[in-house]
There are 2 protein chains.
Amino acid sequence: MLTDGNLLCTRPSAVTDAPADPGRVRGRRPPHGDPVVDRAFALLAAFDAGHRSLSLGELSRRSGIPTSSTLRLAGRLIAWGALERGDDGRFTIGLRLWEVASLAPRGQGLKQVALPFMGDLEEVTRQHVLLAVREGTEALLVERLSAHQAMDVLYRVGGRLPLHSTGVGLVLLAFADSEFQASVLDQPLVHLPERVPVSPAALRRTLAEVRREGVATLRRRAPQPLVSVAAPIFGADDKITAALSVVVPLENAEPRLLGPAVRTAARSISRGLGARRSIGHNGSGASA
Amino acid sequence: MLTDGNLLCTRPSAVTDAPADPGRVRGRRPPHGDPVVDRAFALLAAFDAGHRSLSLGELSRRSGIPTSSTLRLAGRLIAWGALERGDDGRFTIGLRLWEVASLAPRGQGLKQVALPFMGDLEEVTRQHVLLAVREGTEALLVERLSAHQAMDVLYRVGGRLPLHSTGVGLVLLAFADSEFQASVLDQPLVHLPERVPVSPAALRRTLAEVRREGVATLRRRAPQPLVSVAAPIFGADDKITAALSVVVPLENAEPRLLGPAVRTAARSISRGLGARRSIGHNGSGASA
DNA sequence: AGGCTCTTGCCGCTCAATGGAAGAGAAGGT
DNA sequence: ACCTTCTCTTCCATTGAGCGGCAAGAGCCT
């Protein structure tokens, strides 16, 4: 995709039979890849956690859009406020975009309800408290509270986590509709730090247990030994909306005690979102 | 702007001399207001705090784009993830947009550095802690921590605050470059709840004091009696980047004690952002 | 059943968007 | 001082992507 443009573009040599062409080929509109709007958003998608500011060239290369078009589009985005440009000419994501994006019900809206209860959990556990939702086949970290004396930071707000090897991920997967579960289980999965393959049968058993207990407890040795205890949050439609989790170092962990705390907080948040049924153990959808 | 489209559009009667036109006028492309990209973002801008979910009709009306075009554009935004559509057909801001927007240096990036120090302030004061940046002629609330026992919530994360009648606003204004200050002071300003006009001279004196002390202390009686104590945060370029504030109820407030706490926290955040000079009293820019 | 609003698909007409070329500017090497 | 290389910006002839009125379908309240 990205290189198609170059391949299709007219090379200076031998495109037409005419050996010297005084009438320019300028203005020939090559078949472009995407409609305008998609291109505009391709510019936004060129940014990621490792590239929060990009020069024009970088932006053009990473989005696969010719420089001149990139400049023109970026100009529009800047005029609106979706992008900002520093004195050094580098582009960053604009605050205006952050402003409208903060209206996302599954982002800021969810966070607004959850934050006080997350604060409670943080005060009690003095470690990390995570709030994540499912986005595609991954979990997306919506908020993270971390006490000072907490262990090293693991994930970034706005970052993605695998579904099958994190506490929040397991919860989101366990209570998802069975159709989606099947599609995830069909694909080969590995635990990332060590690249250990995941047995679908074992994962299926784990998910059943998560549904039965209403909590997911996940232990990990690498990179740091830790325990994650996670519980589901249900929305007004009584379907799973998010997952709440506490992450503590393995040594001084008492998962038996953390479970009820996390489940209670998750229940309170569910109630705050308008959930009525299935706040207890029995997950909606996904039987057995 | 919004109605121009209608006015310019061909009315069924008497557009051409031909009295009855069997060949349809369909497909006539009227002169539209805005380029595609701007329209796409106009759709996003149609959402606000009071309208987090919109039907197609509402979206069309609020953005001033004809229904069919709205549907087509919204379809693209949904395909990318900038919008989401519920089972009821209503549109909301999409999580994918929230994800990229969380890369905004002045949003999530700033918050990431500030949050731990804000947590400290919250634990000490047990009230509201605000973090805001300047966006245009207003302040934008980037983060808010509120203890449980805190007074009623005032502002919404992602919401806007006036510069001249809030603690964070005064700080952002006081340390802004003098050119911008002048442009704000030139316009008539009022304190909003009571609509009391603001005297430019008094405001100028206040700003000078804020610069001298390195803190803004603002008392308000309505809607609730409260005190806001705010301090500036400087970035790597040693210019003002954000403002930090504690908001406490007026009765049990001790502003003299809060000042140093807020200033210390703000300084720590400045250092975390890479500021070297002007962490102390003397603001950059804006002399006298 | 009739009227109303909201949503969706259709389609021929244009003009907004296009990307290469060339100019401007900065940085670095010989 | 001169050339090379790189990035950024402006310009413009071409054309297909985007345009919106229309009408049919789907609910929903009289």
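All of these numbers come straight from a predicted model, not from anything done at the bench. Labels below follow one simple rule: chain letters A, B, ... track the order of the sequence lines, proteins then strands, and each chain is numbered from 1.
Comparing D:dG18, C:dT7, C:dG19 by their nearest atom to the side chain of B:S55 picks out C:dT7. Across C:dT8, C:dA16, C:dG20, the shortest atom-to-atom separation from the side chain of B:V36 is found for C:dA16.
Across A:A275 and A:G235, no two heavy atoms sit closer than the pair CB-O, 3.2 Å. Minimum heavy-atom separation, B:E138 to B:L163: C-CD2, 3.9 Å. Closest approach of A:A74 and A:F91 over heavy atoms only: CB-CE2, 3.7 Å.
For B:S68 and A:T67, each mapped to the nucleotide of DNA chain D holding its nearest heavy atom, the one lying further toward the 5' end belongs to A:T67.
Atoms CG (B:L56) and C1' (C:dT8) sit 9 Å apart, rounded to a whole Å. Across the protein-nucleic acid pair, B:R39 atom CZ and D:dA17 atom P stand 18 Å apart, rounded to whole Å. As rounded to whole Å, 12 Å separates atom C1' of D:dC8 from atom CZ of A:R61. A straight line from CG of B:L43 to C1' of D:dG18 spans 14 Å, rounded to a whole angstrom. For A:D38 and C:dT18, the CG to P distance is 11 Å, given to the nearest whole Å. Counting to the nearest Å, the C1' atom of D:dC22 and the CG atom of B:L71 are 15 Å from each other. The distance from atom CD of A:E58 to atom C1' of D:dC8 is 13 Å, rounded to the nearest whole Å. When the P atom of C:dT18 is taken as reference, atom CD1 of A:I65 falls 8 Å away, rounded to whole Å.
You'll find the side chain of A:P35 reaches within 4.5 Å of the side chain of B:R76, heavy atoms only.
For the pair A:K239 and A:D177, the salt-bridge criterion is not met [side-chain N within less than 4.0 Å of a carboxylate O]. For the pair A:R96 and A:E84, the salt-bridge criterion is not met [side-chain N within less than 4.0 Å of a carboxylate O].
Of all the residues in residues 72-95 of chain B, B:R85 reach under 4.0 Å from DNA chain C with at least one non-hydrogen atom.
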**Asked** Would B:R106 and A:E99 count as a salt bridge (charged side-chain N to carboxylate O under 4.0 Å, His left out) if you check the C-alpha gap in whole Å, the side-chain angles of each, and the deciding distance to 0.1 Å?
**Response** CA-CA 11 Å; B:R106 297 206 290 151; A:E99 187 184 355; over 6 Å; no
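In this structure, A:F175 and A:F234 have perpendicular ring planes: the angle between them is above 60°, well past the 30° mark.
Considering only side-chain N and O atoms, A:S69 lies nowhere under 4.0 angstrom from the phosphate OP1 or OP2 of C:dT18.
Side chain of A:S69 to backbone of A:I65: no donor-acceptor contact under 3.5 angstrom is found.
Between the axis at the start and the axis at the end of the helix from C:dA1-D:dT30 to C:dT30-D:dA1 there is an angle of 40°, using five pairs per end and rounding to 10 degrees.
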